[in-house]
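Below, chain A is the first sequence line, B the second, and so on; all start at residue 1.
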Amino acid sequence: MIEQSAASYLDELNDVQRQAVTHETGPLQIIAGPGSGKTRVLTYRISHLINSGVKPWRILALTFTNKAAREMRERIDTVVPGGANGMWAGTFHSLFARLLRVHADRLGYPNNFSIYDTQDSRSVVKQILREEQLDPKVYNVAAVAGRISTAKTRMLSPEAYQLNTELKEYDKQSRRPLIGMIYEKYVNRCKRAGAMDFDDLLLKMYELLVKHEEAAEQIRSKFDHILVDEFQDTNHLQYEIVKRLIKYPESKENICIVGDDAQSIYAFRGATIKNILDFQRDFPDTTVFKLEQNYRSTHHIVAAANTIIKNNRRQIEKKIFTDKNIDDAEKINIVKTMTDQEEAKRVAGLIAEQKHRYHLANTDIAILYRTNSQSRLFEEHLRKNNIPYRVYGGMSFYQRKEVKDVIAYLRVIVNPTDEEALRRVINYPKRGIGQTTIDKVSMIADRMNRPMWDAMMTADLGRATAKIRDFVKLIKGLQSVLTTSNAHELAERVVQASTMLSTLKSDTTIEGMGRLENVVALLDGIKDFVEQDDVAYVEGDDPSDRSLAAYLQSIALLTDADEEKKDTPTVTLMSVHAAKGLEFKSVFVTGLEENLFPSGMALQERNGLDEERRLFYVAITRAERFLTLTYSKSRYKFGNMQMSSPSRFVSEISDENIAASANSSSRVKSGISGMPKRKVLRGGGAFKAAFTPPKDFKASPVSAIQVGCKIIHPKFGEGKVQSLDGSPENRIATIHFQDLGQKKIMLRFSKMMVVE
DNA sequence: ATAGCAGTAGGCCCT
DNA sequence: CTACTGCTAT
């Protein structure tokens, strides 16, 4: 029986793929180039394991997005009908959250702990900064939260952070010496709120495995096989956890990691290729397979990808090849425009043309960009051309205010100590509880060393006491039906009882109606969740956890890539990061300009350019047949028109793979030498403070500002650059202004135009 | 003490 | 462009 079903799928594989799929026990590493059938190998391998008698619930498959896990499940089901039932497949965060629900009490958290998203985390930091009266300009919220996140990923406790000289020194240099103290307060706040942030889901899992042997043993013994997808994008902490799950006495070390160092694009948030190298050290018996045959793209695209990635230093050696040597395969098209507007217009036009000429469906086409803010112009022009599209990323459904509000109510009902959720709804809809009262509650809570909720139930708050008690009563009333009603019924009660529904209904503006629609859509979504019963059965777990807590957990950990498709087939607009793992017949990679792609920030970081190049590699290898690269000579940035030069990546592609229409004249070599010369412009220098910039004022890129340049500053007027100081990203120019004398200016924040 | 408004400063990278 | 801050009316 095994042989028969085996034959049907093993025949679909090439030699290397088959060896990887049928490899029996012991550590396994699969290096998988783009389009090399990685997902197929992974799903067939799991199917094969199940066919050979491994119980699905003893398999742990860690993916990067929930969508990837879902698709894996579906594909396994087509090979082994019903086979994926009970398999542990999901993201690191979602599976660990599930395991932590069982063991949270050992770590001092309630089992119904909340999950703080990035916004919540920042809001906690902001509270602390306000209380400590730290200058928000110096202590930038995002930067502080970023430092805390880095510390957690490096497994440093607040105490360890305080003792780490390197971190201390860095903080001192960036004039934020108190980050260690803020970190400590942050951790206490989260703990008091019974909340874990995204990093905690990993960190606490690690803590559980290291410090709580009984729980660790229980978790380890659940799994016979562990598979990790996109291993190149895991961070150190994730790898440490995986190691502790699989390395123990008598372990068969059935671990399979799949990845491609050339597609590592998350170093900026701690992913490290070092994990791959460490893996070979930690598991010396590892069998390695390299999937090098590309089944996705034409030879032009594969050739371009190979040429580009060769420019990177140190990488695992491999040569991607294809036998799709179609003679008339379309070469790569390069489109150059004068403005970003025109770029969007051309792309929309080309899409219309391709659809017509090659009978492409909307879903065959994707527009990729480096930053989400670039989507706006494409949307505009696609609309003009009546091409349906869908933008992924950016503000997702669950990040909208009204949706977050409903969810915040639900969070408070499940876990009233969740302070971020509480703060969100304590005065929404308006019930006369202002900042002063909230601050007072917070202070009392601090003194009691208890959650705000406790203070709200008991403390005397003067005039506001009655209002607060009413709110407490509202929440308690909803809590009392928590066990008797399902998540959907409860959510309906919430919007009624909180008067959110009537408040929204009374708003008859277009936006107001949209908000109401969103809330209704959310309720529908909760209903779907409650009614859906095809969720994996997991041995030892509640087979059908449709509870409100389970719902909240599932939505807290959604990623951009998980957004559901609408019914209408659409053209896809997304960032290159979000496009990882996807493929399209026709791909437009846009905004290929220096300081955009590669991004200016990345260029200043060590190894930043290499990561940008890998990102470009990922972008172009998404294409099956048609690849169009676009760039513009100018672009609006920060509300200013900026000149831009073509990305160096474009010139790294060999001419033989580029379509003839994109002749040499459009292939401008990158560099800023092409800066147009400008006449000296005299602004209204007569009044010192009231300088008005000339009409054709255009900010020049920072790189264009050199010692000796004459510049015009929009406020200070004309001046001459005396000297440049500081790091490249924090370049400080000393400028002698005609009217104001010497001034030091941070180039990052000011917009100046070079005149000579 | 709270709510709504208007002006302003900071900031647009990817999770 | 937008998310905060401070002001003013209630």
Side-chain angles (χ1 to χ4, degrees), chain A residues 64-66 91-93 117-119 121-123 126 129-130 135-143 145-146 149-150 153 197-199 201-202 230 233-235 238 263-271 340 368-377 392-396 399 401 426-440 461-468 556-563 574-580 591 593 595-605 608 611-612 614-616 618-619 635-640 642 699 715 729 746 748-751:
Chain A
F64 240 70
T65 63
N66 298 293
T91 64
F92 279 85
H93 289 86
D117 64 17
T118 311
Q119 258 186 58
S121 299
R122 287 189 183 173
S123 163
K126 200 184 284 174
L129 296 178
R130 201 162 63 98
D135 182 354
K137 284 178 201 109
V138 179
Y139 284 88
N140 172 286
V141 176
S149 174
T150 309
T153 307
D197 65 19
F198 288 155
D199 299 312
L201 294 175
L202 305 178
E230 309 280 12
D233 286 328
T234 54
N235 64 33
Q238 286 168 320
Q263 294 183 67
S264 158
I265 55 174
Y266 284 108
F268 71 92
R269 61 168 199 199
D340 47 358
L368 307 182
Y369 34 74
R370 181 66 179 82
T371 67
N372 279 317
S373 58
Q374 286 165 252
S375 73
R376 214 198 77 242
L377 289 173
Y392 290 77
M395 178 100 95
S396 85
Q399 286 170 338
K401 184 192 176 297
I426 193 166
N427 196 33
Y428 179 80
K430 296 252 153 14
R431 50 175 73 87
I433 301 172
Q435 195 56 54
T436 322
T437 309
I438 297 172
D439 285 348
K440 204 187 260 177
L461 299 154
R463 265 193 295 262
T465 310
K467 289 175 184 164
I468 291 281
L557 299 170
L558 287 178
T559 63
D560 276 348
D562 297 326
E563 290 175 44
M574 55 169 53
S575 68
V576 181
H577 280 94
K580 186 178 77 165
E593 293 138 37
N595 291 319
L596 181 61
F597 198 174
S599 94
M601 275 188 198
L603 288 176
Q604 276 142 21
E605 275 158 33
E611 173 144 323
E612 291 292 304
R614 290 192 296 268
L615 195 55
F616 184 58
V618 167
R635 179 175 299 277
Y636 267 99
K637 274 183 191 169
F638 307 107
N640 288 75
Q642 305 234 319
K715 285 209 182 82
E729 66 265 46
M746 281 277 271
R748 196 150 57 96
F749 291 123
S750 65
K751 296 143 196 134

Worksheet item: Under 4.0 angstrom, heavy atoms only, what part of the nucleic acid is A:Y266 near: base, sugar-phosphate, or nothing?
Response: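 Here A:Y266 touches the backbone only, sparing every base.
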
Item to complete: Could you tell me which residues satisfy side chain to side chain contact (heavy atoms under 4.5 Å, CB included) with A:E611, sequence neighbours excluded, listed by chain and number?
Response: A:A267, A:F268, A:R614

Worksheet entry | With A:S375 via side chain to side chain contact (heavy atoms under 4.5 Å, CB included) - residues at least two apart | A:Y369, A:E379, A:V391, A:L573

Worksheet entry | Option among A:D199, A:T118, A:D197 that satisfies the side-chain hydrogen bond (donor to acceptor under 3.5 Å, both in side chains) test with A:S149 | A:D199

Worksheet item: Which of these, A:R370, A:R635, A:Q642, sits in a side-chain hydrogen bond (donor to acceptor under 3.5 Å, both in side chains) with A:E593?
Response: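 The single option meeting the side-chain hydrogen bond (donor to acceptor under 3.5 Å, both in side chains) with A:E593 is A:R635.
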
Discussion item. Roughly how many Å apart are C:dA3 and B:dC14, using the P atom of each and rounding to a whole number?
Written reply: 15 Å

Discussion item. Without decimals, in angstroms, what is the distance between A:M601 CE and B:dC12 P?
Written reply: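 Roughly 9 Å, once rounded to whole Å.
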
Fill in: Between B:dC14 (C1') and A:F64 (CZ): distance, integer Å
12 Å

Discussion item. Would the base of B:dC12 count as contacting A:S373 through its side chain, where contact means a donor and an acceptor less than 3.5 Å apart?
Written reply: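 Present.
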
Worksheet entry | Donor-acceptor contact present, side-chain A:N372 to main-chain A:M574, <3.5 Å |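 Here the side-chain-to-backbone pair does not exist.
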
Worksheet item: Reading DNA chain B 5' to 3', how would its secondary structure be written in dot-bracket notation, given Watson-Crick and G-U pairs with both distances under 3.5 Å, brackets [ ] for crossing pairs and | for partners on other strands?
Response: ||||||||||.....

Discussion item. When you measure from the side-chain N and O atoms of A:N372 to the phosphate of B:dC14, is any distance below 4.0 Å, counting only OP1 and OP2?
Written reply: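 Indeed, a polar side-chain atom of A:N372 lies that close.
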
Identify the pairs formed between an N or O of the protein and an N or O of nucleotides 4-6 of chain C at a distance under 3.5 Å, and give each distance.
{"from": "C:dC4", "atom 1": "OP1", "to": "A:K126", "atom 2": "NZ", "distance (Å)": "2.8"}

Detail all sub-3.5 Å separations between protein N/O atoms and N/O atoms belonging to nucleotides 2-9 of chain B.
{"from": "B:dT2", "atom 1": "OP1", "to": "A:G434", "atom 2": "N", "distance (Å)": "3.1"}
{"from": "B:dT2", "atom 1": "OP1", "to": "A:T437", "atom 2": "OG1", "distance (Å)": "2.4"}
{"from": "B:dT2", "atom 1": "OP2", "to": "A:T436", "atom 2": "N", "distance (Å)": "3.4"}
{"from": "B:dT2", "atom 1": "OP2", "to": "A:T436", "atom 2": "OG1", "distance (Å)": "2.7"}
{"from": "B:dA3", "atom 1": "OP1", "to": "A:G432", "atom 2": "N", "distance (Å)": "3.2"}
{"from": "B:dA3", "atom 1": "OP2", "to": "A:N427", "atom 2": "ND2", "distance (Å)": "3.0"}

Result block: side-chain N/O donor-acceptor pairs under 3.5 angstrom for residues 428-435 of chain A, not counting sequence neighbours:
{"from": "A:R431", "atom 1": "NH1", "to": "A:V425", "atom 2": "O", "distance (Å)": "2.7"}
{"from": "A:R431", "atom 1": "NH1", "to": "A:I426", "atom 2": "O", "distance (Å)": "2.9"}
{"from": "A:R431", "atom 1": "NH2", "to": "A:Y409", "atom 2": "OH", "distance (Å)": "2.9"}
{"from": "A:Q435", "atom 1": "NE2", "to": "A:D439", "atom 2": "OD1", "distance (Å)": "3.1"}

